[in-house]
Amino acid sequence: VAAVLPRSRTTLDVVRQARLRAGLDPVTLDEKAAAHVAGDEAGHARVLGLAVAALRGLSDWSAEGLEAELRRLADAQGMKAGGIMQPIRIALTGSTVSEPVNVLLVAVGRDEAVRRLEIAARA
């Protein structure tokens with residue numbers, strides 16, 4: 001709840017976002033997220049596959065550990081960090097806007113985040 005509160009205007013926004021992060025509601029892409037994915041579907045899926053591989057075995061599932069790993073992955077791919085983080089954000093929230101991706105990943109949890117990213121990479 002604390003992660004979504006700053007980006008929520010109403011109590012209903014908080015509830016929707018918390019339910020989504022808890023896996024109680026399905027992820028549905030909003031217009032901007034759908035356009036982002038459609039702009040490079042293969043690239044989006046590739047990045048999600050790379051993220052799954054990097055995150056699956058990560059021993060430090062803290063906000064700091066996740067941020068460091070995602071930045072390392074971006075550097076290794078010759079990308080800006082946003083090029084890795086935005087596809088993850090979209091896959092987990094259906095939106096191009098959320099709390100920082102490392103905080104989002106902690107809120108969703110390792111097993112659920114990896115599961116959702118695997119599904120989104122195949123979509």
Side-chain angles (χ1 to χ4, degrees):
V1 172
V4 300
L5 198 55
R7 289 171 181 78
S8 300
R9 287 183 242 162
T10 67
T11 303
L12 186 55
D13 287 341
V14 173
V15 170
R16 284 186 191 132
Q17 293 302 315
R19 287 183 56 85
L20 185 65
R21 280 145 184 81
L24 299 173
D25 292 333
V27 173
T28 305
L29 301 184
D30 66 21
E31 189 175 317
K32 287 178 84 174
H36 186 276
V37 172
D40 184 6
E41 288 182 24
H44 183 81
R46 183 182 73 79
V47 165
L48 291 176
L50 292 168
V52 166
L55 296 175
R56 181 179 284 131
L58 187 64
S59 61
D60 183 4
W61 196 267
S62 67
E64 297 78 16
L66 287 160
E67 181 172 4
E69 181 62 18
L70 293 174
R71 290 188 182 281
R72 184 208 57 76
L73 178 60
D75 287 344
Q77 296 300 312
M79 302 172 70
K80 292 184 178 184
I84 297 291
M85 294 185 190
Q86 192 69 318
I88 295 170
R89 173 180 288 117
I90 290 169
L92 296 180
T93 68
S95 176
T96 58
V97 178
S98 76
E99 65 270 33
V101 170
N102 57 324
V103 174
L104 172 63
L105 285 163
V106 170
V108 172
R110 177 193 310 268
D111 294 340
E112 182 65 12
V114 169
R115 185 186 74 77
R116 290 188 206 178
L117 294 174
E118 287 173 332
I119 290 168
R122 291 189 302 260

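In terms of heavy-atom proximity, Val27 sits nearest to Gly94 at CG1-N, 3.4 Å. The minimum heavy-atom distance linking Pro87 with Gly82 is given by the pair CD-O, 4.0 Å. Heavy atoms only, all atoms of each residue included: Ala121 and Ala45 are closest at O-CB, 3.3 Å.
Here side-chain hydrogen bond (donor to acceptor under 3.5 Å, both in side chains) pairs that include residues 20-31, with residues two or more places apart or in two chains, are Gln17-Arg21, Arg19-Asp25, Arg21-Glu99, Asp30-Ser95. For residues 68-87, every residue pair satisfying the side-chain hydrogen bond (donor to acceptor under 3.5 Å, both in side chains) rule, not counting sequence neighbours, is listed here: Arg46-Gln77, Glu67-Arg71, Glu69-Arg72, Gln86-Arg89.
Residue Leu70 is found in a hydrophobic cluster whose other members, listed by chain and number, are Val47, Leu48, Leu50, Val52, Leu55, Leu58, Trp61, Leu66, Leu73, Met79, Ile84, Met85, Ile88, Leu92, Val101, Leu104, Leu105, Val106, Val108, Val114, Leu117; membership requires side-chain heavy atoms under 4.5 Å apart, directly or through intermediates.
Taking Arg56 as the reference, Glu118 meet the salt bridge (Lys or Arg N to Asp or Glu O under 4.0 Å) condition, with sequence neighbours excluded. With sequence neighbours excluded, the residues that form a salt bridge (Lys or Arg N to Asp or Glu O under 4.0 Å) with Arg116 are Glu112. Under the salt bridge (Lys or Arg N to Asp or Glu O under 4.0 Å) criterion, Arg16 pairs with Asp13, sequence neighbours left out.
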